[in-house]
Amino acid sequence: MNITFTYLPGDGIGPEVGAAAIEVLQAVASKFGHDLNIEHHLVGGAAIDAGQKPLPDDSFESCERTGAILLGAVGGPKWDHLKGEDRPELGSLLPLRKRLNLYANIRPCAPYPAMIDRAPLKRERLEGVDFVVMRELTGGIYFGTKGRDDQGAFDECRYSEAEVRRIAIKAFDLAMTRRKKVTSVDKSNVLETSRLWRETVIDVAKAYPEVELEHLLVDAMTMHMLTRAQDFDVVLTENMFGDILTDEASVLCGSMGVIPSASLSDGRMGMFEPIHGSAPDIAGQGKANPLAMILSAAWMLRLSFGLETEARAIEDAVEAALAENQTTGDLGGALTTAHVGQWIADHVGR
Ligand code: NAD
Ligand code: IPM
Ligand code: MN
């Protein structure tokens with residue numbers, strides 16, 4: 001099969017973890033007899049440094065055409081002085097999500113058995129944890145009017161009922177394929193958008209009588225995630241809360257470097273990226289854990305190309321690497337980013 005996708009490595013550790021993921025994809029393609037066609041483009045600070053916009057037209061055109069995007073990370077201190085849409089984050093990542101209507105961001109949290117004794121939480125808090133965060137990705141405070149006036153600064157938070165309804169439906173549909181529970185996280189004791197969120201989720205739930213629905217306030221959720229994470233199956237939440245809660249969830253899984261994500265729309269369009277950022281503190285040192293990026297590539301094979309066996313082969317190799325401690329320093333291993341990529345590619349077979 002022809003696997004054509006857009007590759008946007010971006011900034012900081014993005015190109016490092018990206019190179020490892022590409023090596024694994026090449027191994028998969030050669031082992032399973034596929035043709036890999038990688039459309040490599042600039043995004044974020046890398047595009048700015050090349051004298052272009054954070055999201056160059058040819059990069060966006062490739063994303064739109066291939067419908068399958070593997071992205072590293074954007075941003076870093078070098079571009080932090082820039083304002084508004086001149087910034088990598090606001091000028092590339094957010095427009096990509098918005099313009100491609102990638103409103104459903106799925107981020108898993110299921111600690112691998114090999115990680116449990118190395119994680120900072122006690123074993124009994126982690127055993128059996130297996131939930132997925134369904135994060136709304138194209139609305140809320142990220143996309144409201146922002147600005148400055150003579151009083152100060154403002155960021156408007158808006159949600160339409162339709163925006164809440166469509167992400168809630170995604171969460172309930174996903175729960176039907178899992179343990180049939182949705183935990184909706186909001187701040188309905190304070191925010192009007194959260195009141196609309198809760199009312200709409202309750203209404204959507206009526207069509208899913210088999211699914212148990214729980215509501216939690218986001219401040220309490222940060223605590224419940226550390227004390228009873230086993231109780232969660234699908235966690236449904238708005239854009240900013242999902243951003244924050246998934247960094248917290250990464251601690252349950254051992255590192256920021258192990259959680260992939262898929263950002264999906266109603267049609268075939270999909271973008272796949274680790275939940276972590278460009279990690280300027282470790283960039284260029286071969287220390288970055290490439291597993292989140294490699295797992296994102298596996299999700300791309302599964303969700304954009306229907307290649308379940310190939311995706312599974314990568315996930316099995318990742319599990320083996322963890323079991324054999326073939327990992328980077330964040331997980332207690334001694335390998336470099338590139339060596340982890342090589343190990344996983346070898347384990348998949350080439
Ligand atoms: P970060 O996720 O880049 O890093 C947070 C911490 O986790 C750092 O200590 C880092 O070293 C560590 N870490 C992250 N990924 C790792 C990996 N693969 N292996 C080992 N350790 C890893 O978050 P930050 O430092 O707050 O942000 C840095 C920059 O990245 C900012 O400019 C931010 O805007 C950007 N960012 C981009 C994305 C994205 O492109 N999707 C996501 C988050 C942050
Ligand atoms: C993420 C990142 C982005 C977000 C930033 C870089 C805009 O933190 O993908 O989690 O907040 O969505
Ligand atoms: Mn984030």
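Ligands are counted one by one from 1 in listed order, and the atoms in each one are counted from 1 as well. All values below come from the heavy atoms of this structure, side chains included, with hydrogens, waters and symmetry mates left out. Since the structure is predicted, the reported quantities are computational estimates derived from the model, not experimental observations.
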Give the residue and atom name of whichever protein heavy atom lies nearest to [atom], and the separation in Å to one decimal.
atom: atom 5 (C) of ligand 2; value: Leu93 CD2, 4.2 Å
atom: atom 39 (C) of ligand 1; value: Leu93 CD2, 3.6 Å
atom: atom 1 (P) of ligand 1; value: Gly277 N, 3.5 Å
atom: atom 3 (O) of ligand 1; value: Ala279 N, 2.8 Å
atom: atom 29 (C) of ligand 1; value: Ser278 OG, 3.2 Å
atom: atom 1 (C) of ligand 2; value: Arg107 NH2, 3.5 Å
atom: atom 31 (C) of ligand 1; value: Glu89 OE2, 3.8 Å
atom: atom 40 (O) of ligand 1; value: Val74 N, 2.8 Å
atom: atom 11 (O) of ligand 2; value: Tyr142 OH, 2.5 Å
atom: atom 2 (C) of ligand 2; value: Asp243 OD1, 4.0 Å
atom: atom 11 (O) of ligand 1; value: Asp281 OD1, 2.8 Å

Under 4.0 Å between a side-chain nitrogen and a carboxylate oxygen: does that hold for [X] and [Y]?
X: Arg87; Y: Asp80; result: yes
X: Glu23; Y: Arg350; result: yes
X: Glu161; Y: Arg166; result: no
X: Glu127; Y: Lys122; result: no
X: Arg178; Y: Asp130; result: yes

Show me which atoms of ligand 1 lie under 4.0 Å from any heavy atom of [X].
X: Gly257; answer: 17 (C), 18 (N)
X: Ala288; answer: 19 (N)
X: Gly75; answer: 32 (O)
X: Gly76; answer: 32 (O)

Between [X] and ligand 1, which part of the residue brings a heavy atom under 4.0 Å of the ligand: side chain, backbone, both or neither?
X: Met256; value: side chain
X: Ile13; value: side chain
X: Asp11; value: neither
X: Glu273; value: side chain
X: Asn289; value: both
X: Pro88; value: neither

Q) Heavy atom of Ala292 under 4.0 Å from ligand 1? A)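 It does not; every heavy atom stays at 4.0 Å or beyond.
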I'd like to know if the side chain of [X] pairs up with that of [Y] as donor and acceptor (distance under 3.5 Å, no hydrogens or angles considered).
X: Thr183; Y: Glu214; result: yes
X: Trp197; Y: Ser184; result: yes
X: Asp11; Y: Ser278; result: no
X: Asp35; Y: Asn2; result: no
X: Arg99; Y: Asn101; result: no
X: Thr4; Y: Thr66; result: no
X: Asp86; Y: Trp79; result: no

Q. So which of the N, O or S atoms of Asp243 lies nearest the Mn ion (ligand 3)?
A.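 Nearest N/O/S atom: OD1.
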Below 4.0 angstrom, counting only protein heavy atoms, does anything approach [atom]?
atom: atom 15 (N) of ligand 1; result: yes
atom: atom 27 (O) of ligand 1; result: no
atom: atom 5 (C) of ligand 1; result: no
atom: atom 24 (P) of ligand 1; result: no

Q.
Does any part of the side chain of Ile259, heavy atoms only, come nearer than 4.5 Å to the side chain of Pro274, both counted from C-beta?
A.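 No, their side chains stay 4.5 Å or more apart.
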Q: Please state whether the rings of Phe5 and Tyr7 are parallel, tilted or perpendicular, taking 30° and 60° as the class boundaries.
A: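 Ring orientation of Phe5 relative to Tyr7: perpendicular.
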Q | Centroid-centroid under 6.0 Å between Trp343 and His339 rings | A |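 Judged by ring-centre distance (under 6.0 Å), Trp343 and His339 do not meet the cut-off.
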(Q) Applying a heavy-atom cut-off of 4.0 Å, say which part of His276 lies close to ligand 2: side chain, backbone, both or neither. (A)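 Within the 4.0 Å criterion, His276 makes no contact with ligand 2.
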Q. Given Leu331, Ile282, Ile259, Val43, which one has a non-hydrogen atom that is nearest to atom 20 (C) of ligand 1?
A.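 Residue with the shortest heavy-atom distance to the ligand atom: Ile282.
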Q: Only heavy atoms count here, so choose which of Arg135, Arg97, Glu89 is nearest to atom 6 (C) of ligand 2.
A: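 Checking each option, the heavy atom nearest atom 6 (C) of ligand 2 is found in Glu89.
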Q: Test salt bridge (Lys or Arg N to Asp or Glu O under 4.0 Å) on Arg123 and Asp117 and set out the steps.
A: CA-CA 6 Å; Arg123 164 170 280 274; Asp117 286 325; 3.0 Å; yes
Q | Thr337 (side chain) donor-acceptor with Ala288 (main chain) under 3.5 angstrom | A |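 At least one qualifying donor-acceptor pair exists.
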